[in-house]
A.B. asks: 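I have a structure I would like to understand better, so I am pasting it below and will then ask my questions one at a time.
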Amino acid sequence: MPELPEVETIKRGLGKNIVGKKIADFDCDWQKAINYSLKEYKSKVRGLQIKDVKRRAKMLILNLSKNWNILVHLKMTGQLVYGSKTKCVVGGHPIEEGYDCLPNRFTHATFTFFDQSHLYFNDIRKFGWLRLFTDAELAEELAKLNLGPEPLSSEFTLAYLKGRLSKRPNNRIKQFLMDSSNVVGVGNIYSDEVCFYAKVKPIRLVKTLKESEIKLIYKGIKKILADSIKLQGTTFSDYRNAQGEAGAFSKKLKVYGRYGQKCKICGTIIKKIKIGGRTSSFCPQCQK
Ligand SMILES: [Zn+2]
């Protein structure tokens, strides 16, 4: 599944290319991906202009004219590809190959713009969706999800983190970090990396964390996500090949998915443990 940094990269890449475009037509062959009948969806989006592309947690929001929005969740294998006669943007990155091969058998929705460029929604496993909402409906939908702050926003402060931690003393720190009501975007990969950065075992109970460890956890969340976004912005091929894994950042991972291999810092063999049904990797030497 694309994590926050990949979705952020897609947002930036698409934003540069589709903002300002007007939708001439829409097509979709997978009813479950949309929240109206195709006929209704089509008639609502035709003629609307894309005003902005935003992100909330791992979802994309296309702000349209006349107070409409399309909330997009890529889920496991969804992909948004922008293509025109002169360029193609996949996973947020322009590529040279063009888009002669699109639409393909995984293309389930297509927006055609008035300038004859397209935005394709491809999805191998068909769990992703593109739901159309008014501004008020969108606000309601997002409120239902009870999402915590964006980790890179000014809302996510050390004081906020401490406050949330004090309400969850018996959580394992990994579970706490992965709970999107505390903070969004710290999934399985980044929670392991944050724990390594802070030198705490992912299984530690929140109430046992020292002040200095909490500070490192806070710093780690900001730094690791920012670094990953930066790398996603400079490398592309890995993202596409990895089908939504950590992309270029995967080479930088210290513990995630590395159990059985040597710790890059101390050489101890990385161990794994199950926490809340998820496999977590950690260094038994570096992490306390
Ligand atoms: Zn180590």
Side-chain angles (χ1 to χ4, degrees), residues 1-6 8-9 148 151-152 156-162 164-166 168-180 182-239 241-288:
M1 179 181 287
E3 297 264 347
L4 183 149
E6 290 82 45
E8 177 65 23
T9 306
L152 298 176
F156 183 63
T157 60
L158 179 60
Y160 166 84
L161 178 65
K162 282 183 186 169
R164 288 298 290 199
L165 284 167
S166 69
R168 306 271 190 282
N170 294 313
N171 273 186
R172 307 283 176 194
I173 184 60
K174 181 177 172 79
Q175 283 173 310
F176 175 91
L177 292 173
M178 286 183 66
D179 180 345
S180 62
N182 294 322
V183 57
V184 302
V186 188
N188 204 24
I189 298 172
Y190 298 105
S191 55
D192 275 5
E193 294 299 306
V194 167
C195 288
F196 182 82
Y197 180 90
K199 299 185 172 69
V200 299
K201 288 197 169 82
I203 199 152
R204 281 270 296 279
L205 291 177
V206 162
K207 65 185 173 193
T208 69
L209 295 171
K210 292 181 215 147
E211 173 86 18
S212 59
E213 290 171 329
I214 294 172
K215 275 190 186 153
L216 281 174
I217 288 168
Y218 175 75
K219 218 177 131 193
I221 293 171
K222 295 252 182 199
K223 183 180 166 17
I224 290 166
L225 287 171
D227 285 354
S228 181
I229 290 170
K230 220 167 152 189
L231 271 174
Q232 288 296 330
T234 55
T235 317
F236 152 69
S237 58
D238 296 64
Y239 171 75
N241 295 343
Q243 297 282 3
E245 281 295 315
F249 194 71
S250 60
K251 293 188 191 97
K252 303 268 176 189
L253 295 175
K254 301 281 199 301
V255 282
Y256 176 79
R258 295 195 66 247
Y259 53 85
Q261 299 176 43
K262 283 181 179 171
C263 171
K264 291 177 178 178
I265 305 292
C266 73
T268 305
I269 300 296
I270 301 290
K271 283 195 169 171
K272 68 173 173 178
I273 189 173
K274 281 254 181 197
I275 302 173
R278 308 301 290 267
T279 299
S280 180
S281 304
F282 64 99
C283 173
Q285 181 66 34
C286 293
Q287 294 169 256
K288 304 293 172 200

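Counting begins at 1 with the first residue of the sequence. Computed from a predicted model, the values in this text were never measured in an experiment.
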A.B. asks: Would V183 and R164 count as a side chain to side chain contact (heavy atoms under 4.5 Å, CB included) if you check the C-alpha gap in whole Å, the side-chain angles of each, and the deciding distance to 0.1 Å?
C.D. replies: CA-CA 9 Å; V183 57; R164 288 298 290 199; over 6 Å; no
A.B. asks: So which pairs with a foot in residues 182-193 pass salt bridge (charged side-chain N to carboxylate O under 4.0 Å, His left out), sequence neighbours left out?
C.D. replies: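 Pairs touching residues 182-193 that pass the test: K174-D192.
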A.B. asks: Taking S228 for its side chain and I224 for its backbone only, find out whether a donor-acceptor pair lies under 3.5 Å.
C.D. replies: no
A.B. asks: Without placing hydrogens or testing angles, list every side-chain donor-acceptor pair under 3.5 Å for residues 264-274, not counting sequence neighbours.
C.D. replies:
{"from": "K264", "atom 1": "NZ", "to": "K251", "atom 2": "O", "distance (Å)": "3.3"}
{"from": "K264", "atom 1": "NZ", "to": "L253", "atom 2": "O", "distance (Å)": "2.9"}

A.B. asks: Are P169 and L205 close enough that some pair of their side-chain heavy atoms sits under 4.5 Å apart?
C.D. replies: no
A.B. asks: Apply side chain to side chain contact (heavy atoms under 4.5 Å, CB included) to residues K252 and D227 and explain how you reach the verdict.
C.D. replies: CA-CA 10 Å; K252 303 268 176 189; D227 285 354; over 6 Å; no
A.B. asks: Please indicate whether K288 has more than 12 foreign heavy atoms, meaning atoms of other residues, nucleotides or ligands, lying under 6.0 Å from its NZ.
C.D. replies: yes
A.B. asks: Of all heavy-atom pairs between I229 and E8, which one has the smallest distance, and what is that distance?
C.D. replies: CD1-CG, 3.9 Å
A.B. asks: What pairs meet the ring-ring contact (aromatic ring centres under 6.0 Å, His included) rule with one or both residues in residues 258-288, with sequence neighbours excluded?
C.D. replies: none
A.B. asks: Looking at N188 and S191, what are the two nearest heavy atoms and their distance?
C.D. replies: O-OG, 3.1 Å
A.B. asks: Could you state the interatomic distance from OG (S280) to CD1 (I189), rounded to the nearest 0.5 Å?
C.D. replies: 12.0 Å
A.B. asks: Heavy atoms only: give me the nearest G148-Y160 pair and the separation to one decimal.
C.D. replies: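 Closest approach of G148 to Y160: CA-OH, 4.4 Å.
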A.B. asks: Considering all heavy atoms of both residues, which atom of Y190 and which atom of G185 are nearest to each other, and what is their separation?
C.D. replies: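 In terms of heavy atoms, the two residues are closest at CD1-O, 4.3 Å.
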A.B. asks: Give a yes or no on this: more than 12 heavy atoms of other residues, nucleotides or ligands lie within 6.0 Å of atom CZ of R168.
C.D. replies: yes
A.B. asks: Can you confirm whether K262 is buried at NZ, in the sense that more than 12 heavy atoms of other residues, nucleotides or ligands lie under 6.0 Å from that atom?
C.D. replies: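 At most 12 heavy atoms, drawn from other residues, nucleotides or ligands, come within 6.0 Å of this atom.
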A.B. asks: If you measure from CD1 on I173 to SG on C195, what distance do you get to the nearest 0.5 Å?
C.D. replies: 6.0 Å
A.B. asks: Among all residues two or more places apart in sequence or in another chain, which pass the side-chain hydrogen bond (donor to acceptor under 3.5 Å, both in side chains) test with N171?
C.D. replies: none
A.B. asks: Minimum heavy-atom separation for G257 and S281, please, with both atom names.
C.D. replies: N-OG, 3.7 Å
A.B. asks: Can you name the nearest heavy-atom pair linking I217 to L209, along with the distance?
C.D. replies: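 Smallest interatomic distance, heavy atoms only, reads CD1-CD1, 3.9 Å.
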A.B. asks: Keeping to residues at least two apart or across chains, list the ring-ring contact (aromatic ring centres under 6.0 Å, His included) pairs with something in residues 198-231.
C.D. replies: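 As it turns out, the ring-ring contact (aromatic ring centres under 6.0 Å, His included) pairs with a partner in residues 198-231, which skip direct neighbours, are F156-Y218.
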A.B. asks: side-chain hydrogen bond (donor to acceptor under 3.5 Å, both in side chains): which pairs involve residues 195-213, sequence neighbours left out?
C.D. replies: K162-E211, N170-K207, R204-T208, R204-E213
A.B. asks: Could you tell me whether a side-chain N or O of K254 sits under 3.5 Å from a main-chain N or O of C263, the two making a donor and an acceptor?
C.D. replies: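 Side chain of K254 to backbone of C263: no pair is present.
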A.B. asks: Given the rule in the side chain to side chain contact (heavy atoms under 4.5 Å, CB included) test, do V194 and L225 qualify, once you have shown the distances and angles that lead to the verdict?
C.D. replies: CA-CA 9 Å; V194 167; L225 287 171; over 6 Å; no
